[in-house]
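Written below as structure tokens is the structure these notes are about.
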Amino acid sequence: MAARIEHLVTSGTFSLDGGTWDVDNNVWIVGDDQEVVVIDAAHDAEAIARAVGGRTLRAIVCTHAHNDHIDAAPELAARLGAPVLLHPDDLPLWKQTHPDRAPDAELTDGQALAVAGIELTVLHTPGHAPGAVCLYAPALAALFSGDTLFAGGPGATGRSYSHFPTIIESIRDRLLTLPGETVVHTGHGDTTTLAAEAPHLDEWIDRGF
């Protein structure tokens, strides 16, 4: 059975810098009938575990450590016996949510994560958060962008640990160099393609958005 992408939406809150907002998060499950990885264990470990079913969960990959993307990760790891992977630059954010439970292993730029006969390549794309990463799966013509790139623009950079020029550099140099037909599976909201977003880079820079 060929590798495929499955999608789950979970709901909860995002909290940072003293504010809290209601959010819906995209949880992506990549694999086949035997094994999968989960990208961003958000809000509802039980719902994610149900979606994984009887398959082996190879890893829980965190695109970054804002609480809405990692709040269910330790519980899901405990339920299914999978390691939690995070880029070390996001440990300060992780510790705000899980001070007593560290990630199990580090993500590094260029690292290849294997599942179901394909590879997900880790791209370090700071800006929204220092340790933000995207995952590129050329076999699926897919990019899992977390909160680095959305349909309509880059992720927010108006809060602690974020930096607008850095996210623009990440998008320009790490993402828009990939094939334009690559489908972007985002951390919130709708999918898009790199070709659809690339023409708007200068607009985002001009708006500071």
Side-chain angles (χ1 to χ4, degrees), residues 2-10 14 23-32 35-43 48 51-52 55 57-66 68-73 76 82-87 89-90 103 105-156 167 170-171 173-198:
R4 61 185 183 272
I5 299 167
E6 300 167 32
H7 180 214
L8 181 67
V9 177
T10 59
F14 164 56
V23 287
D24 296 326
N25 284 61
N26 293 326
V27 179
W28 301 101
I29 301 173
V30 182
D32 58 16
E35 61 178 15
V36 297
V37 297
V38 164
I39 300 171
D40 288 344
H43 307 308
I48 301 169
V52 171
R55 296 175 290 182
L57 180 57
R58 294 296 181 195
I60 300 163
V61 185
C62 307
T63 62
H64 62 294
H66 284 153
D68 56 318
H69 291 256
I70 64 167
D71 50 2
L76 184 65
V84 178
L85 312 183
L86 177 74
H87 192 283
D89 289 356
D90 258 21
E106 296 182 352
L107 294 170
T108 59
D109 186 55
Q111 178 181 358
L113 305 174
V115 65
I118 66 164
E119 288 189 344
L120 304 170
T121 300
V122 177
L123 305 176
H124 184 211
T125 52
H128 181 70
V133 302
C134 297
L135 301 165
Y136 177 47
L140 299 174
L143 178 77
F144 301 91
S145 65
D147 287 2
T148 295
L149 180 63
F150 293 109
I167 201 171
S170 291
I171 292 169
D173 297 346
R174 305 306 310 275
L175 303 187
L176 297 185
T177 55
L178 300 174
E181 65 270 17
T182 302
V183 177
V184 182
H185 301 274
T186 61
H188 307 271
D190 296 333
T191 59
T192 183
T193 66
L194 291 175
E197 302 307 320

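The structure displayed is predicted, hence computed values, not measured ones.
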(request) Applying salt bridge (Lys or Arg N to Asp or Glu O under 4.0 Å), name anything that partners E6, two or more places apart in sequence or on another chain. (result) R4, R55
(message) Under the rule for salt bridge (Lys or Arg N to Asp or Glu O under 4.0 Å), what residues qualify as partners of D109, not counting sequence neighbours?
(response) R174
(request) Kindly compute the distance separating CG (L76) from CD1 (I48), expressed to the nearest 0.5 Å. (result) 5.5 Å
(message) Set out, in order, the CA-CA distance, both residues' side-chain angles and the distance that settles side-chain contact (heavy atoms from CB on, under 4.5 Å) for T192 and F150, then state yes or no.
(response) CA-CA 7 Å; T192 183; F150 293 109; over 6 Å; no
(request) Please round to the nearest 0.5 Å and tell me the distance separating atom OG1 of T148 and atom CD1 of I171. (result) 6.5 Å
(message) Could you measure the distance from the CG atom of D147 to the CD1 atom of I167? Nearest 0.5 Å is fine.
(response) 8.5 Å
(request) Would you check if the distance from the ring center of H185 to the ring center of H7 is below 6.0 Å? (result) no
(request) Working to the nearest 0.5 Å, report the span between OG1 of T193 and CD of E181. (result) 9.0 Å
(request) Take L113 and R58 through the test side-chain contact (heavy atoms from CB on, under 4.5 Å) and record every step on the way to the result. (result) CA-CA 9 Å; L113 305 174; R58 294 296 181 195; over 6 Å; no
(request) Look up atom CG in L178 and atom OG1 in T121, then write down how far apart they are to the nearest 0.5 Å. (result) 9.5 Å
(request) State, with a plain yes or no, whether a side-chain heavy atom of V9 is found less than 4.5 Å away from one of N25. (result) no
(message) For a quick test of reading the model, state the closest non-hydrogen atom pair linking V84 to C62 and the distance between them.
(response) CG1-SG, 3.7 Å
(request) Let me see the working for H188 and H69 under side-chain contact (heavy atoms from CB on, under 4.5 Å), right down to the final yes or no. (result) CA-CA 10 Å; H188 307 271; H69 291 256; 3.2 Å; yes
(request) Any chance you could measure Y136, atom OH, to L194, atom CG, to the nearest 0.5 Å? (result) 8.5 Å
